[in-house]
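Atoms within a ligand are numbered from 1 in the order they appear, just like the ligands themselves. Please read all numbers here as calculations on a predicted model, not as lab measurements.
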Amino acid sequence: MTWQPFLPYNAILCRYNEIATKGRNRTLFESALADSLKRNLANAGPIKVINEHGRLFVIPTQPKETFTPEDIQLFRDVIPTVPGISSVSPGFMLQPTLEDIENAFDKWFPTVMDAFRAQKPMPQPTYAMRARRANKQFHLTAEEIEKYFAGKVLAQNPDLKIDLKNANLVVEVEIRFNRAFLSFERIQGAGGLPAGSGGHVLALLSGGIDSPAACFLMMKRGCTVDFVTFHSEPYTPPEYIDKIVAIARKLNTYQKRGRLAAVNLLDAQLEIRDKCKSKYRTVLYRRFMLRIASQIARIFGAKALVTGDNLGQVASQTLDNMATIEDASDMMILRPLLTADKLDAIAIAEKIGTFDLSSVHIPDSCTVFAPDDPATSTRAYHVKNDEENLNVEELVQKCLKNTIVINPKTDKRHPLEDLTTNKTFVPQGT
Ligand code: ATP
Ligand code: MG
């Protein structure tokens, strides 16, 4: 929780990384980000997003209105999680005159100071102002503005000390052509690129902690993510799919849409159990998952697969086994968590709100007929020998026939076949 008070702010400044907006991508990037903001703020009061020279401002739809404390709290919680936003400052949108800026500063800085003193008592708090002057015609330079306000602040608060690098209280002023902006607060954002500004991928989403975090990292690089999960009904309970739908719904708050394909892997698993060595089971399951996922990716128009694999974490994730598994698919496989520590993945899952959903323990496909002796160091030719006992293509087609596509928002479910046989049917995610 922030120590910052709720002031009657009339604007939220959302910054983004300008390096990503060079060249022709700029418009696409900015409109994807504005869309993403509006979608994430659907629960706030009526808002408008202004897109202006490298900045996005969220304002109430009535020009003279201010935000409610509930809205401000929502903005503080939600906007920093939106991929593409590098930082967020609730503040005051003002006329671009020194008089207006000074009036707002004189009116609200003492309240901010009091809140700080009450919640973070210290003998010598530190202060800094960062001014930016986009309008070079403004009669003071950025440095002159900073000095002007520092003089006032020190005269009124003799215990304050200036610290330009690491201040407790940082005031930011931006002077633009048609407006100025004053804020006392900067919240770090998720960074990255806005969802929907990059390519389209299909993520293998399981009931664990890692795969939702991997999905989020792809969204942060601008990708639209569809999901596929594997269950083994009736050996896995129907609650497994409900759990994955809930995770997909949560993940969809960070992007425009994302469909979930739920594949029943049981036919393949039964044959693997009966015809292959038990120590290869996990790796053979995974090879089937990748084959099936690759086909679904083609149907969905996704260009790569994404997994939550993490090098060395469990038996199936040794370098040898990953190579053996990957050999079954000709699609690019992206593993954004490959080198992450478990704690990093947990921190992401907590931040994006999937940790609690994933922590509900429900058995998934991998636990069905799981061997006691999984091989940790396989070679593709080992398992290919065993696979010769299976009719791989027929099993893949059987599993695809037993696949449903779910809209995580409405929970509406359709057979995957509808997408290949009836070209007019396009299931939409959120
Ligand atoms: P996670 O925490 O994401 O479940 P995990 O630590 O349980 O991963 P594994 O079970 O080895 O690790 O799975 C590695 C990756 O394989 C997962 O991150 C996911 O991308 C994919 N995967 C595993 N099981 C399934 C499943 N039943 N459905 C969809 N994808 C799966
Ligand atoms: Mg894992």
Novice: Describe, in one word, how the ring planes of Y235 and F369 are oriented to each other, choosing from parallel (under 30°), tilted (30 to 60°) and perpendicular (over 60°).
Specialist: perpendicular
Novice: Hey, which atoms in ligand 1 end up nearer than 4.0 Å to a heavy atom of T307?
Specialist: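 Ligand 1 atoms under the 4.0 Å threshold to T307: 20 (O).
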Novice: Decide whether an N or O pair under 3.5 Å exists between S211 and ligand 1.
Specialist: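 Indeed, backbone or side chain, S211 has an N or O that close.
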Novice: Could you tell me whether V306 and ligand 1 have an N or O pair separated by under 3.5 Å?
Specialist: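 No.
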Novice: For ligand 1, which atoms, with element, lie under 4.0 Å from some heavy atom of L204?
Specialist: 19 (C), 20 (O), 21 (C), 29 (C), 30 (N)
Novice: Examine G207 against ligand 1 and note whether any of their N/O atoms are separated by less than 3.5 Å.
Specialist: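 N/O-N/O distance below 3.5 Å does not exist for this pair.
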Novice: Are S87 and R15 linked by a side-chain donor-acceptor pair shorter than 3.5 Å?
Specialist: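 Distance-only check passes for S87 and R15.
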Novice: Show me which atoms of ligand 1 lie under 4.0 Å from any heavy atom of D309.
Specialist: 14 (C), 15 (C), 18 (O)
Novice: Would you say H231 touches ligand 1, if touching means a heavy atom closer than 4.0 Å?
Specialist: no
Novice: With a 4.0 Å heavy-atom cut-off (strictly under), which part of D364 contacts ligand 1: side chain, backbone, both or neither?
Specialist: side chain
Novice: Give the contacting part of L205 toward ligand 1: side chain, backbone, both or neither, where contact means a heavy-atom distance below 4.0 Å.
Specialist: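 Looking at L205 and ligand 1, just backbone atoms fall under 4.0 Å.
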Novice: What I want to know is whether R286 and ligand 1 share at least one N or O pair that is separated by under 3.5 angstrom.
Specialist: yes
Novice: Are the aromatic ring centres of F92 and F181 under 6.0 angstrom apart?
Specialist: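 Ring-ring flag for F92/F181: false, centres at least 6.0 Å apart.
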Novice: Angle between ring planes, H382 versus Y280, binned at 30° and 60°: parallel, tilted or perpendicular?
Specialist: parallel
Novice: Return yes when L337 approaches ligand 1 closer than 4.0 angstrom through a heavy atom, no otherwise.
Specialist: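 Distance cut 4.0 Å: L337 fails for ligand 1.
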Novice: Give a yes-or-no answer on whether the side chains of S232 and Y240 include a donor-acceptor pair shorter than 3.5 Å.
Specialist: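 No - no donor-acceptor pair under 3.5 Å links their side chains.
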Novice: When you measure from atom 1 (P) of ligand 1 to each heavy atom in A203, G308, S232, S206, which option holds the nearest one?
Specialist: S206
Novice: Got an N/O contact under 3.5 Å between P212 and ligand 1?
Specialist: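 Not met; the criterion fails.
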Novice: Going by atom types only, do N321 and T378 share a side-chain donor-acceptor pair under 3.5 Å?
Specialist: yes
Novice: Determine, considering heavy atoms only, which of Q317, K342, R335 sits nearest to atom 12 (O) of ligand 1.
Specialist: Q317
Novice: So for Y240, does at least one of its heavy atoms come nearer than 4.0 angstrom to any atom of ligand 1?
Specialist: yes
Novice: Provide the number and element of each atom of ligand 1 under 4.0 Å from a heavy atom of V228.
Specialist: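 Result: 29 (C).
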Novice: Hey, are S206 and S211 close enough side-chain-wise for a donor-acceptor pair under 3.5 Å?
Specialist: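 A donor-acceptor contact under 3.5 Å links the two side chains.
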Novice: Using a distance-only test with no angle check, is there a side-chain donor-acceptor pair under 3.5 angstrom linking N168 and T126?
Specialist: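 There is such a pair (donor and acceptor under 3.5 Å, judged by atom type) between the side chains of N168 and T126.
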Novice: Could you check if a side-chain atom of R273 sits within less than 4.5 angstrom of a side-chain atom of R281, using non-hydrogen atoms only?
Specialist: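 Yes, their side chains come closer than 4.5 Å.
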Novice: Where does the angle between the aromatic ring planes of F109 and Y127 fall among parallel (under 30°), tilted (30 to 60°) and perpendicular (over 60°)?
Specialist: perpendicular
